Novice: 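Sharing a structure with you now.
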Amino acid sequence: MSIRLGDIAPDFEADTTEGRIKFHDWAGASWVVLFSHPKNYTPVCTTELGYTAKLKGEFDKRNVKAIGLSVDKLADHHGWSKDIEETQGAALNFPLIADADKTVSNLYDMIHPNASDTLTVRSVFVIDPKKKVRLTLTYPASTGRNFDEILRVIDSLQLTDGYKVATPVNWQKGDDVIIVPSVSNEDAKKLFPAGWNELKPYLRMVADPKK
C-alpha cells in the first residue's frame, strides 16, 4: 500500500554509513528528508548526494535531517562516498541506508515494477517531528531532483504550521502569503493587525508573518 500524506512514516531498522539506526529514534524531534537512489556508482545519484551534502547548513537552520537510501551493500556505499567527495567537492555528512534486501524500499513503496522491478525510483519523503508524512515526490530514474524545491516546500510547511496562512504559486521564503479561507475577516484583524490586500473575499494576500 502506498504511503499517503498525513500517514505516520513507517519505522524500520537498517544499517547505514553512520551505523545501524532505528529510524524513529534517529529522527528524534527533527524534520526528515528521506530519499532513495536507484543504484550506487550512477551519475545522477552522485550529483544529488553531493548537492545534498552542500545543503547541510540550510537543513540545520530548519531542524532537518537528511537520509538517503540505495539498494546496494554497505561496503559499496563507502567506496561510492569517496567518488562523491572527489567529483562533487563535498563529503557525505548524512547517513546512507544500505537496503540490499529491499526491506525499506518495499516498506515505502519505492520500487515501481513497471519502471524497474529491481531498482528504486527517485522517491522523496518529507516527515515532520511527529513522524507524519508531509510531502511525497516521485521522479523517474533519469531525472535529478531539485533539492532547492524540497527546501522551499519545507519552508512553506514550517510557516503554515505556525500561522493560518497558505503559500501561493511559486512562493519563496519572505514573499507575501494567503490568509486561509477558514479565517474570518474579524479574526484576521487580530491575527494580522497591519492589514492585508483583498483581491477577492477568498484571496487575501498578507505579508509573511515571520518577517
Side-chain angles (χ1 to χ4, degrees), residues 9 12-21 23 26-28 30-127 134-157 170 172-173:
F12 58 84
E13 289 191 35
D15 291 322
T16 80
T17 50
E18 296 186 3
R20 190 161 182 84
I21 65 163
F23 181 57
W26 172 84
S30 298
W31 290 70
V32 172
V33 175
L34 168 63
F35 58 110
S36 60
H37 299 276
K39 192 171 179 60
N40 286 8
Y41 298 105
T42 51
V44 178
C45 301
T46 300
T47 64
E48 288 185 327
L49 287 168
Y51 191 74
T52 303
K54 292 175 182 177
L55 287 178
K56 179 169 173 51
E58 294 299 322
F59 284 139
D60 288 347
K61 283 192 282 189
R62 295 164 173 83
N63 186 33
V64 175
K65 291 180 176 179
I67 185 166
L69 174 146
S70 186
V71 288
D72 288 279
K73 296 177 181 177
L74 192 59
D76 291 336
H77 284 358
H78 288 301
W80 185 31
S81 297
K82 295 174 184 175
D83 286 359
I84 293 165
E85 183 174 9
E86 179 186 341
T87 64
Q88 305 304 306
L92 279 188
N93 48 28
F94 56 90
L96 189 56
I97 297 165
D99 193 37
D101 64 3
K102 301 182 179 64
T103 297
V104 182
S105 302
N106 288 321
L107 189 61
Y108 277 79
D109 195 28
M110 292 172 169
I111 295 174
H112 295 196
N114 288 329
S116 169
D117 59 3
T118 57
L119 305 179
T120 54
V121 290
R122 295 187 194 283
S123 299
V124 182
F125 298 88
V126 172
I127 300 161
R134 303 296 300 278
L135 168 79
T136 62
L137 288 171
T138 304
Y139 285 68
S142 58
T143 303
R145 286 164 281 208
N146 185 334
F147 279 82
D148 293 334
E149 166 64 4
I150 294 167
L151 278 179
R152 189 188 77 89
V153 175
I154 292 169
D155 284 337
S156 173
L157 289 169
N170 294 338
Q172 296 291 332
K173 191 173 185 178

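The first residue in the sequence is number 1, and the count goes up from there. These numbers were taken from a predicted model, which means no experiment stands behind them.
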Novice: Can you tell me how far apart CZ (R134) and CG (L157) are? Round to the nearest 0.5 Å.
Specialist: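 R134 atom CZ to L157 atom CG measures 5.0 Å (nearest 0.5 Å).
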Novice: Looking at D83, is its backbone amide N or carbonyl O close enough to the side chain of T87 to form a donor-acceptor pair, meaning the two atoms are under 3.5 Å apart?
Specialist: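 Looks like yes, one N/O pair under 3.5 Å.
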Novice: Strictly below 4.0 Å, N to O, side chains only: are R152 and D148 in salt-bridge contact?
Specialist: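 Salt bridge: no.
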Novice: Distance check, rounded to the nearest 0.5 Å: L151 atom CG versus Q172 atom CD?
Specialist: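 Interatomic distance, L151 CG to Q172 CD, rounded to 0.5 Å: 10.5 Å.
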Novice: Compare every heavy atom of T46 with every heavy atom of Q88, then report the nearest pair and how far apart it is.
Specialist: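 Closest heavy-atom pair between Q88 and T46: CG-O, 3.4 Å.
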Novice: So L69 and M110, do their side chains get closer than 4.5 Å, heavy atoms only?
Specialist: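 In contact.
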Novice: With distance as the sole test, does D15 use its side chain to make a donor-acceptor pair with the main-chain N or O of A98 at under 3.5 Å?
Specialist: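 No, D15 side chain to A98 backbone: no donor-acceptor pair under 3.5 Å.
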Novice: What do the steps show when you test W26 against T16 for side chain to side chain contact (heavy atoms under 4.5 Å, CB included), and what is the final call?
Specialist: CA-CA 11 Å; W26 172 84; T16 80; over 6 Å; no
Novice: Working note: V126 + I150, criterion side chain to side chain contact (heavy atoms under 4.5 Å, CB included); need CA distance, chi angles, decisive distance, verdict.
Specialist: CA-CA 8 Å; V126 172; I150 294 167; 4.2 Å; yes
Novice: Are the side chains of I154 and V64 in touch, meaning some heavy atoms are under 4.5 Å apart?
Specialist: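 Yes - at least one pair of side-chain heavy atoms lies under 4.5 Å apart.
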Novice: Assess the residue pair L137 and R145 against the criterion (side chain to side chain contact (heavy atoms under 4.5 Å, CB included)); give the C-alpha distance rounded to whole Å, side-chain angles, the decisive distance to 0.1 Å, and a yes or no.
Specialist: CA-CA 9 Å; L137 288 171; R145 286 164 281 208; over 6 Å; no
Novice: Work out which heavy atom in A66 is nearest to a heavy atom in F94; give both atom names and the distance.
Specialist: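 Here A66 and F94 meet closest at O-CB, 3.2 Å.
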Novice: Determine, for W31 and K65, whether the Lys NZ or Arg CZ falls below 6.0 Å from the six-membered ring centre while staying within 45 degrees of the axis.
Specialist: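 Here K65 fails the 6.0 Å and 45° test against W31.
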Novice: Can you tell me how far CD of E18 sits from CD1 of I67, rounded to the nearest 0.5 angstrom?
Specialist: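 I67 CD1 to E18 CD: 8.5 Å, rounded to 0.5 Å.
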Novice: Between the side chain of T17 and the main-chain N/O of L96, is any donor-acceptor distance below 3.5 Å?
Specialist: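 Yes; at least one donor-acceptor contact below 3.5 Å.
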Novice: Between F147 and F35, does the ring centre distance come in under 6.0 Å?
Specialist: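 Yes.
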Novice: Using the ring of each side chain (for Trp, its six-membered ring), is F23 parallel, tilted or perpendicular to F12, with breaks at 30° and 60°?
Specialist: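 F23 and F12: parallel rings.
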Novice: Given side chains that start at C-beta, do those of H37 and I97 come closer than 4.5 Å, heavy atoms only?
Specialist: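 Not touching, per the 4.5 Å side-chain cut-off.
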Novice: According to side-chain contact (heavy atoms from CB on, under 4.5 Å), who are the partners of K173, at least two apart in sequence or on a separate chain?
Specialist: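 Once residues adjacent in sequence are excluded, the partners of K173 under the side-chain contact (heavy atoms from CB on, under 4.5 Å) criterion are R62, D155, W171.
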Novice: Please check if the side chain of N93 supplies one atom and the backbone of A53 the other of a donor-acceptor pair under 3.5 Å.
Specialist: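 The answer is yes, because a donor-acceptor pair under 3.5 Å joins these two groups.
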Novice: With the side chain counted from C-beta on, respond yes when E85 and L92 share a heavy-atom pair under 4.5 Å apart, and no when they do not.
Specialist: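 No, too far: nothing below the 4.5 Å cut-off.
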Novice: Which atom pair, heavy atoms only, marks the closest approach of T103 to D99?
Specialist: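 In terms of heavy atoms, the two residues are closest at N-OD1, 3.0 Å.
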Novice: If you round to the nearest 0.5 Å, how far is CD1 of I127 from OG of S30?
Specialist: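 Result: 11.5 Å between the selected atoms.
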Novice: What heavy-atom pair brings A14 and V104 nearest, and what distance separates the two atoms?
Specialist: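 Distance-wise, the nearest heavy atoms are CB-CG2, 4.4 Å.
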Novice: To the nearest 0.5 angstrom, please state how far the CG atom of L34 sits from the OG1 atom of T136.
Specialist: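 The distance works out to 12.0 Å.
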Novice: Can you confirm whether K82 is buried at NZ, in the sense that more than 12 heavy atoms of other residues, nucleotides or ligands lie under 6.0 Å from that atom?
Specialist: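 Atom NZ in K82 is not packed in, count stays at 12 or less.
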Novice: Should the ring pair Y108 and F125 be called parallel, tilted or perpendicular, given that the plane angle runs from 0 to 90° and is split at 30 and 60?
Specialist: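 Rings of Y108 and F125: perpendicular, as their planes differ by over 60°.
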Novice: Is a donor on one side and an acceptor on the other found under 3.5 Å between the side chain of R122 and the backbone of T138?
Specialist: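 Judged by distance alone, no pair lies under 3.5 Å.
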Novice: Who are the side-chain contact (heavy atoms from CB on, under 4.5 Å) partners of S142, not counting sequence neighbours?
Specialist: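 S142: side-chain contact (heavy atoms from CB on, under 4.5 Å) contacts with P140.
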Novice: Test side chain to side chain contact (heavy atoms under 4.5 Å, CB included) on S123 and Y139; report intermediate values, then the result.
Specialist: CA-CA 6 Å; S123 299; Y139 285 68; over 6 Å; no
Novice: Check K102 against V71 and note the closest heavy-atom contact, atom names and distance.
Specialist: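 In this case the closest contact between K102 and V71 is CG-CG1, 3.9 Å.
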Novice: For A90 and K54, work out which heavy atoms get closest and say how close.
Specialist: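 Answer, listing the atom of A90 first, then K54: CB-CG, 3.7 Å.
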